[in-house]
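For ligands, and for the atoms within them, numbers begin at 1 and follow the listed sequence.
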Amino acid sequence: MKEKLEQIKIAALREIESAVSTAQLNDIRVKYLGKSGEISLIMRDMANVPKEDRPAMGKLVNELRAAVEGALTEKTERLAFAEKQARLKEETLDITLPSGERGLGSLHPLTLVRRELIDIFSVMGFKVAEGPEIESDLYNFQLLNIPKDHPSRDMQDTFYVNENFVLRTQTSAMQARIMTTTQPPIRVVIPGKVYRSDDDASHSPIFNQFEGLAVDKHITMGDLQGCLTTFAKKIFSADTEVRLRPSYFPFTEPSVEVDVTCSMCHGEGCRVCKGTGWVEILGAGIVNPAVLDMCGIDSKTYSGFAFGFGIDRIAMIKYGIPNIKLLYENDMRFLAQFN
Ligand code: DAH
């Protein structure tokens, strides 16, 4: 028995000494000290040892156990330390290496166009105003000469919040807000989001409009035409021509629709302008005297012009963007082209 203990000790210590990983040490621990390990079995065998020899044998077994455990612990610590060092070395980051390139961000095309528009109209003396997107029926419709239940409401598919409030369908609502609180001279442009229940390649339920209003003494259609011609040449190109066609809006009288020569083909006729050489860009007109009076501005003394267009549409024409959805999906492949 004594000899056997000595053999086990020599074998165990040799195995421990030559182990090269903590995993291996774990196996050795199980082999000798585990439930059915060699040393545990000997402990169990103790019953067969003559009674008088038991204390001495017990002591020897305990010593063996302690020796093996001690060796295991010591070697485990050494190997764990070495393993940790190796891992640290392997996982070291060289923070002095140059990093991967991070592209610069860019402005959204709608932001680019809005800023350019504001610049163009600022030079002509227009101030910038903004207003609420949840708008009362009064400003969005009634003060613009669109009474409740009037057929002209059908020109716009409106999201109603309740009976008296809408998601504004047009930045024209701000005309009424400004005219009810300000006396002429007025020169203001209003960029802003508007909403309509409309959805296809050229319509989005949310889009951006740009409104203009000028009220003063002796304002005429000629002023409107000059202002819009300047705007069109600046935002598209110097050779852009403008044409006014008679139209109808409840808040302007007379009303016009404004076309510009196609910026793709410069009037030659192409896919974008459907072969006509012209693209429609906005609605405008002389502020209806009824609107001036409703808003508290004397129509006998003052007159005005107004216009409104989609910033989205201008961006689509200017950059040749085929689908309005591209402006709202935030696809990086699209946005990165405006760097
Ligand atoms: N608000 C009109 C629309 O959304 C556009 C418009 C037409 C605005 C004529 C005006 C205007 O200021 O005078 O369709």
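- Put simply, the side chain of Q209 gets close to the backbone of T171: a donor and an acceptor are under 3.5 Å apart.
- Contact residues of ligand 1 (protein heavy atom closer than 4.0 angstrom to a ligand atom; sorted by chain and number): Q156, Q170, S172, Q175, R196, Q209, E211, F249, F251, T252, G283, A284, G285, A306, F307, G308.
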What pairs of donor and acceptor atoms, side-chain ones from residues 79-89 against any protein atom, are under 3.5 angstrom apart with sequence neighbours left out?
from	atom 1	to	atom 2	distance (Å)
E83	OE1	T22	OG1	3.1
E83	OE2	T22	N	3.1
E83	OE2	T22	OG1	3.4

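- Here ring-ring contact (aromatic ring centres under 6.0 Å, His included) pairs that include residues 185-237, with residues two or more places apart or in two chains, are F121-F210, F121-F231, F210-F309, F231-F309.
- Residues I8 and I39 have side chains in contact (heavy-atom distance under 4.5 Å, counting atoms from C-beta outward).
- Within the structure, side-chain hydrogen bond (donor to acceptor under 3.5 Å, both in side chains) contacts touching residues 256-270 (residues at least two apart or in different chains) are D239-H266, R243-D259, R245-E257, R245-D259.
- Considering CG of N62 and CE of M57, their distance stands at 11.5 Å, rounded to 0.5 Å.
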